[in-house]
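Scroll down for the structure; my scribbles are underneath it.
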Amino acid sequence: MKRLKFRSIRARLTLWYALVLGFIFIVSDIILYQSFKMSLMDTIDNTLQAAAEEVEDSIFRVPPERWNTTIKQVERGFLVNRMFIQLVEISTTSPGIEESFHILARSGVLSGNISQRKIWESLAHQFPETPVYMNVIEESPSTHPLRIILYPVQKNENKGYLIQVGTSLKKMFHTLRNFLIILIVSGPLLLLVSVFGGHLILKKALVPVKSVVQTARKISTEDLSLRIESKNRKDEIGELITTFNQMISRLEGSVAQIKQFSSDASHDLKTPLTVIRGEIDIALRKERVSKEYIKTLTTVREESQKLERVIDNLLFLSRIDDREYRFSFQKVQLDEIVLNMFENAQLLAAKKNIICVIKKMDSVFINGDPILLNRLIMNLLDNAVKYTPARGRVEVSLEKNQKTVRLTIQDTGIGMPGESLPFIFDRFYRVDPSRSQRSEGSGLGLSIVKKIAEIHQAHINIHSELNRGTIVQVLFPTHI
Ligand code: ADP
């Protein structure tokens, strides 16, 4: 269960946040501690130097017997940090090290001795040119180290004076220890508060994601009309919600289309079957003469042809809808296909006493699938003849321009009302089935035409006027 918990974005982000923040706290605490320590040390060193300078200023103005008193006076002036002061004479010409140092005066604070030998060693037996600071632990008056300044006062070549001023670092270490305790205690406390706060902020920030998930769950089980409220958010979550809502809208549209399609398809398949069943039932009710059987069988044949056409169209549509389906694109002579289809249409038109003419026929080559192009031209010519009454006229032309090839099929038929035009490419849409004398239309012809045009990147224009006629133009690009 615990492992599962860390799979949530919130838990993972909080963990990362805590780790990064913890690291930042540790680094900043180290920096803070070091700079505090340096600043304390600086203050001490400045005080030591000030005391040494004061000793230098005053001591050589009085005779040696008053040096002790002068040192004590200086020492008393620095009350906050108690310090020891001593004046040491160093003779650089003495034969032994021990004889080189001679303590001339000292304040009373220091109970022990500071090894002058050690100091001389740490100075590498060189009389210093500038003040030197050092920490001394040995023989110090307390258990804490002393901080001392060795302040050189050069008198002449063989002899020099070192003013030594020192103070215990006890107070400083005490302050540093307290500071460290504050850091150690406040660090984790601050971290805890920050992580808790971060966790709460994340929880708030992720609330909309939760609502997306909840609505998405409901949508899949209940109703596709549900949408997630975006509350006009302009951030990433708002973008996610808008995209999600758009996706659901598209899904809703597709599902509605599929429902409509299946109900239309069932209806179109059921009607001829009902007619066939009815005809057979009537024929079987009693013994009939052969003339009546012929009539029944003729109706059955007509209805089954209708069924065949619908099924054929449906299969054709589903084949070209299939993304996996490979079209056989090749260089095709479009005028040859148009002429072939025109001849077929002419036969049909002649039966209805319709005149079919070719107005213009350029020789045109385009890249396309010949079977699909056959179907497109056949459907358009079929409609022109189907919806044109006797003594009407159908005109066909194929023209080549620089960028396009234009196929125009014009008829003087019954036309279509303007309000129907937006729907005529929908599957199973028929303007008004009773308008056609032959009721073989299923409303799939133009949707197939549109699909084939799309596959060939062609554009379709339709102009139609009720009872005057229709002009259909297909514009093929020459470059595909
Ligand atoms: P159908 O198989 O019913 O002809 P289509 O998809 O080919 O189906 O056409 C859809 C509808 O558009 C038809 O029902 C018809 O009313 C109308 N239509 C198509 N072409 C023409 C035309 N040339 N003249 C008049 N109406 C047409």
Side-chain angles (χ1 to χ4, degrees), residues 257 260-261 263-272 302-318 320-321 338 341-342 344-346 348-349 352-357 359 372-397 406-455 458-474:
Q257 237 177 15
Q260 184 65 39
F261 182 77
S263 100
D264 290 342
S266 323
H267 180 262
D268 266 67
L269 294 174
K270 205 175 167 219
T271 316
E302 271 172 17
E303 292 303 316
S304 51
Q305 274 170 346
K306 262 190 222 170
L307 265 179
E308 207 180 313
R309 266 197 303 274
V310 176
I311 291 170
D312 175 58
N313 277 335
L314 281 175
L315 278 176
F316 190 81
L317 261 177
S318 83
I320 56 178
D321 267 346
V338 176
M341 291 298 121
F342 178 79
N344 291 345
Q346 230 177 0
L348 276 176
K352 280 183 73 184
N353 198 12
I354 295 171
I355 301 165
C356 275
V357 285
K359 276 183 80 182
L372 299 186
L373 291 170
N374 260 314
R375 190 81 174 216
L376 177 141
I377 298 162
M378 183 183 85
N379 284 2
L380 290 178
L381 283 171
D382 198 42
N383 278 352
V385 173
K386 201 158 65 178
Y387 299 108
T388 301
R391 287 183 297 283
R393 189 180 166 89
V394 174
E395 289 178 358
V396 179
S397 66
R406 186 198 314 227
L407 168 70
T408 313
I409 296 170
Q410 182 167 5
D411 65 58
T412 56
I414 56 172
M416 288 172 267
E419 64 267 21
S420 296
L421 290 179
F423 309 106
I424 52 171
F425 293 111
D426 290 354
R427 293 176 185 188
F428 292 109
Y429 180 80
R430 276 172 284 183
V431 174
D432 175 9
S434 62
R435 303 184 321 146
S436 164
Q437 288 156 353
R438 291 148 71 210
S439 58
E440 70 258 43
S442 62
L444 289 171
L446 283 184
S447 46
I448 290 175
V449 167
K450 187 180 170 222
K451 187 79 201 172
I452 296 173
E454 273 171 15
I455 292 166
H459 185 74
I460 307 176
N461 289 329
I462 295 199
H463 302 278
S464 191
E465 249 182 90
L466 210 54
N467 301 321
R468 297 207 115 193
T470 305
I471 306 171
V472 183
Q473 287 186 331
V474 189

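For ligands, and for the atoms within them, numbers begin at 1 and follow the listed sequence. Keep in mind the model is a prediction, meaning the values are calculated, not measured.
With hydrogens and angles ignored, the 3.5 Å screen pairs a side-chain donor or acceptor of T412 with a backbone N or O of R393.
In this structure, S442 counts as a contact residue of ligand 1, since one of its heavy atoms falls inside 4.0 Å of the ligand.
Neither side chain, S447 nor Y429, offers a donor N or O lying under 3.5 Å from an acceptor on the other.
Among I409, V394, V396, the single residue meeting the side chain to side chain contact (heavy atoms under 4.5 Å, CB included) criterion with F342 is V396. The salt bridge (Lys or Arg N to Asp or Glu O under 4.0 Å) test with D268 singles out one residue from R430, K306, R427, and that residue is R430.
Closest heavy-atom approach to atom 23 (N) of ligand 1 within the set V385, D411, L466, N313: this belongs to D411.
Heavy-atom contacts of G443 reach the following atoms of ligand 1: 1 (P), 2 (O), 3 (O), 6 (O), 8 (O) (cutoff under 4.0 Å). Within ligand 1, counting atoms from 1 as listed, the ones closer than 4.0 Å to a heavy atom of Y429 are 10 (C), 11 (C). Taking every heavy atom of K386 and a limit of under 4.0 angstrom, the matching atoms of ligand 1 come to 1 (P), 2 (O), 4 (O). Atom numbering of ligand 1 starts at 1 in the shown order; those under 4.0 Å from a heavy atom of R430 are 3 (O), 14 (O).
Checked against a 3.5 angstrom limit, the closest N/O atoms of I414 and ligand 1 fall outside it.
At a 4.0 Å heavy-atom cut-off, ligand 1 touches T470 through the side chain alone. The proximity of V472 to ligand 1, defined as any non-hydrogen pair under 4.0 Å, does not occur for either the backbone or the side chain.
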Starting from the C-alpha separation in whole Å, work towards a yes-or-no answer on side chain to side chain contact (heavy atoms under 4.5 Å, CB included) for L348 and L381. CA-CA 10 Å; L348 276 176; L381 283 171; over 6 Å; no

Evaluate side chain to side chain contact (heavy atoms under 4.5 Å, CB included) for F428 paired with L314, printing each intermediate quantity in order. CA-CA 10 Å; F428 292 109; L314 281 175; 3.8 Å; yes

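Salt-bridge annotation for D312 and R375: present, with a side-chain N of the basic residue lying under 4.0 Å from a carboxylate O of the acidic one.
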